[in-house]
Amino acid sequence: MRIKNRLKELRKEYNLTQEELANKLKITRQTVIAIEKGRYNPSLGLAFKIAQLFKCKIEDIFIFEEK
C-alpha cells in the first residue's frame with residue numbers, strides 16, 4: 001500500500017513556504033518535508049486539518065495506491 005499526496009502542489013498554489021504551512025498546522029517544517037516526500041503519512045486528525053486549510057476533501061490531497 002502506498003499513499004501519494006499533492007501537498008507540495010497545493011502549498012505552492014497557496015504561495016506558502018514549508019515553514020509557513022508548518023506554522024499554520026502547528027507541526028514542524030521537517031514533518032511537512034517528510035509528508036511532501038511521501039516518507040510520512042499524517043494522522044487522520046492532521047489530514048483533516050490539511051484538507052480544511054486547503055478547502056478540499058482529504059482524498060483530494062492523499063491518493064491511495066494499491067501495489
Ile50/Asn5 under side-chain contact (heavy atoms from CB on, under 4.5 Å): CA gap, chis, key distance, verdict:
CA-CA 11 Å; Ile50 294 168; Asn5 71 75; over 6 Å; no
For Thr31 and Leu25: C-alpha separation, side-chain torsions, deciding distance, then whether side-chain contact (heavy atoms from CB on, under 4.5 Å) applies.
CA-CA 10 Å; Thr31 301; Leu25 296 171; over 6 Å; no
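Follow the hydrophobic side-chain contacts under 4.5 Å out from Phe54 and you reach Val32 in the same cluster. Cluster membership check: Phe48 shares its hydrophobic cluster with Leu21, using side-chain heavy-atom separations under 4.5 Å among Ile, Leu, Val, Met, Phe, Trp and Tyr. Note on Leu44: it does not cluster hydrophobically with Ile63, by side-chain heavy-atom contacts below 4.5 Å among ILVMFWY residues.
Environment of CD in Gln52: sparse, with no more than 12 heavy atoms of neighbouring residues, nucleotides or ligands closer than 6.0 Å. Dense packing is recorded around NZ of Lys49, with more than 12 heavy atoms of other residues, nucleotides or ligands lying under 6.0 Å away.
Put simply, the side chain of Glu9 never gets that close to the backbone of Arg6: no donor and acceptor are under 3.5 Å apart.
The NZ atom of Lys55 lies 11.5 Å from the CG atom of Leu10; values are rounded to the nearest 0.5 Å. Considering NZ of Lys8 and CD of Gln18, their distance stands at 7.5 Å, rounded to 0.5 Å.
Every salt bridge (charged side-chain N to carboxylate O under 4.0 Å, His left out) that Lys4 has, sequence neighbours left out, goes to Glu65.
Closest approach of Ile3 and Phe62 over heavy atoms only: CG2-CB, 4.0 Å. The minimum heavy-atom distance linking Leu53 with Tyr14 is given by the pair O-CE2, 4.3 Å. Looking at every heavy atom in both residues, Ile61 comes nearest to Leu7 through CG2-N, 4.3 Å.
Only one option out of Arg29, Lys24, Arg11 pairs with Glu19 in a salt bridge (Lys or Arg N to Asp or Glu O under 4.0 Å); it is Arg29.
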